[in-house]
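Report on the following structure.
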Amino acid sequence: MILDLFGTLVPAPSAVERSAAAAEFAEVMRVSAEVVESALSGSWRARHDGQLRSTTEVAIRLAARCNASTACTDELEALLARLAHNRLRTDETLLHALDELRDRGVRLGLLSDASPDIAEVWRRSELAPHFDAVVFSCRAGAVKPDRQLFVAALGELRVAPIQTLYCGDGGGDELAGAERAGIRALRVARRGGMTGLAFGEIVWHGTAIPDVEALPSLLDRWGIND
């Protein structure tokens with residue numbers, strides 16, 4: 001089974017949360033929050049598709065886009081790491097569901113559009129021990145729904161598409177992307193509510209569940225035990 005991260009395992013950031021983060025960046029760089037928000041939006045692809053390979057590079061790019069002093073780079077790196085760590089916090093109920101899936105012998109993979117700051121703090125997150133394989137877009141060099149991401153996740157898990165279920169909230173056209181790669185797709189209601197930001201979302205008419213916690217029961221109904 002392959003799972004999305006933001007909006008699926010952890011809440012997708014809301015506009016309010018994004019603005020609060022922008023205000024923190026603005027304070028470090030001594031620029032306006034509007035300048036930061038524009039810089040973040042304009043650098044999304046570079047931060048997620050592998051053009052920027054580390055949190056250091058993200059900090060340098062952000063400072064440059066905001067015409068801020070390079071002297072603030074170290075402080076920006078620390079802020080990026082702290083915010084990334086906070087974004088990976090999730091609910092105990094979800095962790096228990098992941099434990100139950102693994103107890104059944106289900107191999108779990110993570111596939112996420114993510115920036116280097118997320119990838120670098122992942123191993124220290126409470127989610128990391130629950131996964132057998134992880135594919136981050138910033139490491140794979142592509143963003144959803146690029147087929148190579150799904151192929152990479154299948155390769156990491158060492159499973160065939162027909163044996164695999166993909167579960168996500170639908171951002172980035174991920175569900176159709178999974179199906180184009182031959183993987184059965186399942187939509188989960190966006191974790192944190194529909195105020196969470198999502199891009200590239202399209203209408204989905206397939207199977208949907210309320211949350212990841214419902215996966216063990218769904219597998220029971222489908223008669224899948226491992």
Side-chain angles (χ1 to χ4, degrees), residues 1-18 40-41 44-45 47-49 84 87-91 93-95 97-98 101 106 108-115 118-119 122 125 127 130-131 133-154 156-157 159 161-219 221-222 224:
M1 182 182 296
I2 302 171
L3 295 139
D4 172 47
L5 178 56
F6 297 110
T8 302
L9 300 174
V10 300
S14 67
V16 171
E17 291 166 333
R18 187 182 177 105
L40 289 171
S41 296
W44 187 91
R45 181 163 289 275
R47 288 185 287 115
H48 290 77
D49 71 359
R87 289 189 66 193
L88 292 179
R89 291 175 177 163
T90 193
D91 302 313
T93 54
L94 182 137
L95 297 176
L98 297 179
L101 291 170
V106 177
L108 297 179
L110 180 85
L111 173 55
S112 176
D113 282 342
S115 51
I118 294 293
W122 168 257
S125 74
L127 281 164
H130 296 78
F131 286 86
V134 178
V135 174
F136 288 122
S137 63
C138 62
R139 298 289 185 252
V143 296
K144 295 175 185 177
D146 195 301
R147 181 184 177 88
Q148 79 177 63
L149 294 174
F150 297 96
V151 171
L154 292 169
E156 291 287 334
L157 279 175
V159 293
I162 198 171
Q163 299 173 307
T164 308
L165 177 68
Y166 181 85
C167 180
D169 68 307
D173 194 21
E174 61 187 350
L175 302 174
E179 289 194 329
R180 288 192 290 271
I183 304 168
R184 184 175 185 176
L186 170 72
R187 183 171 193 159
V188 61
R190 185 156 302 129
R191 199 167 196 89
M194 294 307 293
T195 58
L197 299 174
F199 305 96
E201 186 176 21
I202 64 171
V203 176
W204 175 253
H205 299 291
T207 303
I209 56 174
D211 48 40
V212 171
E213 288 87 328
L215 279 171
S217 295
L218 178 68
L219 297 187
R221 293 198 301 273
W222 286 353
I224 300 174

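Sequential numbering from 1 along the given sequence is applied to the chain's residues.
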Apply side chain to side chain contact (heavy atoms under 4.5 Å, CB included) to [X] and list each qualifying residue two or more places apart in sequence or on a separate chain.
X: R139; value: R53, P116, A119, E120, F136
X: A214; value: I209, P210, D211
X: T207; value: L186, W222

Among all residues two or more places apart in sequence or in another chain, which pass the side chain to side chain donor-acceptor pair (under 3.5 Å) test with [X]?
X: R89; answer: N86
X: R180; answer: D173
X: S137; answer: none
X: R47; answer: S43

Working to the nearest 0.5 Å, report the span between [atom1] of [X] and [atom2] of [Y].
X: L215; Y: M1; atom1: CG; atom2: CE; result: 5.0 Å
X: L165; Y: L218; atom1: CG; atom2: CG; result: 7.5 Å
X: L111; Y: L154; atom1: CG; atom2: CG; result: 9.5 Å
X: R184; Y: T164; atom1: CZ; atom2: OG1; result: 12.0 Å
X: L5; Y: S112; atom1: CG; atom2: OG; result: 4.0 Å

Identify the two heavy atoms, one from [X] and one from [Y], that lie closest to each other, and give their separation to 0.1 Å.
X: A12; Y: E17; value: O-OE1, 4.0 Å
X: P13; Y: R87; value: CD-NH2, 3.1 Å
X: E179; Y: A185; value: CG-CB, 3.9 Å
X: W122; Y: V134; value: NE1-CG2, 3.5 Å
X: G168; Y: D4; value: CA-CB, 3.7 Å
X: T8; Y: C167; value: CG2-O, 3.9 Å

Can you check whether L3 reaches L98 side chain to side chain, under 4.5 Å on heavy atoms? yes
Below 4.5 Å, heavy atoms only, C-beta onward: do L94 and L127 meet side chain to side chain? yes
Contacts of Y166 meeting ring-ring contact (aromatic ring centres under 6.0 Å, His included) (sequence neighbours excluded), chain-then-number -> F150
Mind checking what makes ring-ring contact (aromatic ring centres under 6.0 Å, His included) contact with H130, not counting sequence neighbours? none
Side chain to side chain contact (heavy atoms under 4.5 Å, CB included) between H48 and S115, intermediate numbers included: CA-CA 5 Å; H48 290 77; S115 51; 4.3 Å; yes
Stepwise, does the side chain to side chain contact (heavy atoms under 4.5 Å, CB included) test hold for I2 with V135? CA-CA 10 Å; I2 302 171; V135 174; over 6 Å; no
Please name all residues satisfying salt bridge (charged side-chain N to carboxylate O under 4.0 Å, His left out) with D113, sequence neighbours left out, ordered by chain then number. none
Taking only residues two or more places apart in sequence or in another chain, which ones pass salt bridge (charged side-chain N to carboxylate O under 4.0 Å, His left out) with D91? R191
When you look at L101 and L219, which way does the side chain to side chain contact (heavy atoms under 4.5 Å, CB included) test go after all the steps? CA-CA 9 Å; L101 291 170; L219 297 187; 3.6 Å; yes
Does E174 reach the main-chain N or O of K144 with its side chain, forming a donor-acceptor pair under 3.5 Å? no
Could you tell me whether the side chain of T90 and the main chain of L9 form a donor-acceptor pair under 3.5 Å? yes
